[in-house]
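I have placed the structure first, in the form of structure tokens, so that the comments after it can refer back to it.
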Amino acid sequence: MSGEEERRPSSDSPQETAPGTTGIERAISWLERKRRSKEDARVAGELRGQLARGWTEKVLTRTTTGAIYFVVIVAVLFWGRVPTTVLVASMAWLCCSEFFRMARMGGRMPNEVFGLTASVLFPPAALLLGTEGLFLVLVLLLVACAFWYVATPRANISDVALTAFGPVYTSLTFSCVVLIRSTDPGSSGGLLTFGVMGSVWLNDAMAYFVGTRFGRHKLAPRISPHKSFEGFWGGLASSVLVWGLLALLGVRGVTYPLALAGGLLVGTIAVVGDLFESRIKRGVGVKDSGDFMPGHGGLLDRSDSMLFGCVTAYLVLRMGGIL
């Protein structure tokens, strides 16, 4: 290779490419070529800066939304039974609405008036009449669905079943929070309810953390590909820990054997609730049940574990003589 060829500038360096160009012009030309070479990656959002910014925004959004959600619920739980009932009724209505939205996406036509009305009635009925109130609203819902089915030729049995199931799944289960909170109007009832809900929250958080770091064996790959057995055991241990703290603090007479049973059962059934809602979403082809909570999806996405977990906790506490 001759000396002249060795001095020939490459297209990737800001060397002189035409007689009479200045150093600034050469630098600008080189920067333009670099920018054009990355245009496809920029359009696809695959540049390192874009990926880092997107990840940071997602984490901040998710963290902020989760913190607000947590603070509001804890404040209301310790405020009293009536504020807790109002909050649970509001959340149940939103969860039921998101469930019906997914049902419509699956080609079904539930009676949303009956379903959403029942979803609002279950929590105050639990506050005023206990389990008898829940049974009363359930019977009224079934009777209303029966009248609707008889009077509406276009309705099919699937629509009727979903109309009844929607509020039972999202509100009757959520009303167990009200039943647990109603055990004591003071701070003791708030602490017990917070412990139950906290065991589900920590179960979810630790399952995600452990599964992300150490997960190797898939729990239910066809329904929720990211869940692992390692995450399941990590979440279960955290649930038992929270219940153990309730026993250690002597909250409402919770014993260590009852805490062990509660932690294991609530932690396990909460995962079933999560997988159940994931199966619903996969069946209708959606990623989230809604967009009510930025960074988390819908409220039902955030509450799916809580619905089954709180029912289980209520039964454990009831059979254990606490309620």
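By convention here, the first residue in the shown sequence is residue 1. Hydrogens, waters and symmetry mates are skipped; everything else that's a heavy atom, side chains included, is used.
Looking at Ser224, its side chain never comes within 3.5 Å of a backbone N or O of Ala220 through a donor-acceptor pair. Put simply, the side chain of Ser171 gets close to the backbone of Ser119: a donor and an acceptor are under 3.5 Å apart. With hydrogens and angles disregarded, a donor-acceptor distance shorter than 3.5 Å links the side chain of Ser199 to the backbone of Val196. Remark: side-chain polar atoms of Lys281 are not paired, donor with acceptor, to backbone N or O of Val286 under 3.5 angstrom. Of the possible donor and acceptor atoms, one in the side chain of Ser182 sits under 3.5 Å from a partner among the backbone N and O of Val178. A side-chain donor-acceptor contact under 3.5 Å links Thr84 to the backbone of Val76. A donor-acceptor pair is defined here as one N or O able to donate and one able to accept, closer than 3.5 Å; no such pair exists between the side chain of Arg252 and the backbone of Gly189. Looking at Thr163, its side chain does come within 3.5 Å of a backbone N or O of Asn111 through a donor-acceptor pair. Of the possible donor and acceptor atoms, one in the side chain of Glu230 sits under 3.5 Å from a partner among the backbone N and O of Arg216. Glu277 places no side-chain N or O within donor-acceptor distance of the main-chain N or O of Asp304, the cut-off being under 3.5 Å.
The two residues Arg101 and Ser289 come nearest to each other via the heavy atoms NH1-O, 2.7 Å. Scanning all heavy atoms of the two residues, the minimum distance from Glu98 to Leu300 falls at OE1-N, 2.8 Å. Pairing each heavy atom of Tyr149 with each of Ile157, the nearest pair is CE1-N, 3.9 Å. Nearest heavy atoms, Gly235 versus Ser238: O-OG, 2.6 Å. Between Val160 and Cys145, the shortest heavy-atom contact is CG1-CB, 3.9 Å. A pairwise comparison of heavy atoms in Cys96 and Thr170 identifies CB-OG1, 3.2 Å as the closest pair.
Side-chain contact between Arg302 and Trp201 is present, with at least one heavy-atom pair separated by less than 4.5 Å. In this structure, Ser228 and Leu219 have side chains that are not in contact, with every pair of non-hydrogen atoms separated by 4.5 Å or more. Looking only at side-chain heavy atoms (C-beta outward), Leu179 and Leu323 stay at 4.5 Å or farther from each other. Counting heavy atoms from C-beta on, the side chains of Leu192 and Leu317 come closer than 4.5 Å. Side-chain contact between Leu162 and Met109 is absent, with no heavy-atom pair separated by less than 4.5 Å. Side-chain contact between Thr131 and Tyr314 is present, with heavy atoms from C-beta onward closer than 4.5 Å. Inter-residue side-chain proximity for Asn156 and Asp159 is flagged as met; some heavy-atom pair is nearer than 4.5 Å. Contact annotation: the side chain of Phe100 approaches that of Pro167 to within less than 4.5 Å [non-hydrogen atoms, C-beta and beyond].
To the nearest 0.5 Å, atoms CG (Leu315) and SG (Cys310) are separated by 11.0 Å. Rounding to the nearest 0.5 Å places CG of Leu140 at 8.5 Å from CG of Leu121. Here the straight-line distance linking atom OG1 of Thr312 with atom CG of Leu264 works out to 12.0 Å at 0.5 Å rounding. With rounding to the nearest 0.5 angstrom, the CG atom of Leu275 is 8.5 Å from the OG atom of Ser305. Note that CG of Leu127 and OG1 of Thr85 are 4.0 Å apart. Values are rounded to the nearest 0.5 Å. Atom CZ of Arg222 sits about 16.0 Å away from atom OG of Ser278, to the nearest 0.5 Å.
Around atom CZ of Arg108, no more than 12 heavy atoms belonging to other residues, nucleotides or ligands sit under 6.0 Å away. Other residues, nucleotides and ligands contribute over 12 non-hydrogen atoms within 6.0 Å of the CH2 atom of Trp148. No more than 12 heavy atoms of other residues, nucleotides or ligands lie within 6.0 Å of CZ in Phe147, so this atom counts as exposed by the packing criterion.
Of the listed residues (Val240, Asp274, Val271), just one forms a side chain to side chain contact (heavy atoms under 4.5 Å, CB included) with Asn203, and that residue is Val271. Ile322 pairs in a side chain to side chain contact (heavy atoms under 4.5 Å, CB included) with only one of the listed residues (Leu258, Val316, Ile180, Leu246), which is Leu258.
Residue Leu236 is not grouped with residue Val272 when hydrophobic side chains (ILVMFWY) are merged at heavy-atom distances under 4.5 angstrom, including chains of intermediate members. Residues Phe232 and Leu241 do not share a hydrophobic cluster, defined by chaining ILVMFWY side chains whose heavy atoms lie under 4.5 Å apart. In the hydrophobic cluster analysis, where Ile, Leu, Val, Met, Phe, Trp and Tyr join through side-chain heavy atoms closer than 4.5 angstrom, Leu307 is grouped together with Leu138. The hydrophobic cluster containing Val210 does not contain Trp233, counting ILVMFWY residues as joined when their side-chain heavy atoms lie under 4.5 angstrom apart, directly or transitively. Under a hydrophobic clustering in which Ile, Leu, Val, Met, Phe, Trp and Tyr are joined whenever their side-chain heavy atoms come within less than 4.5 Å, directly or via other members, Met197 and Met206 fall into different clusters.
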Practice item. Would you check, one step at a time, whether the test side chain to side chain contact (heavy atoms under 4.5 Å, CB included) holds for Tyr69 with Met91? Key: CA-CA 11 Å; Tyr69 171 83; Met91 294 175 68; 3.8 Å; yes

Practice item. Go through the steps for Phe122 and Phe174 under the test ring pair (Phe, Tyr, Trp, His ring centres under 6.0 Å), then give the verdict. Key: CA-CA 9 Å; Phe122 274 121; Phe174 230 151; over 10 Å; no

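Relative orientation of the Phe99 and Tyr169 rings is perpendicular, given thresholds of 30° and 60° on the angle between their planes.
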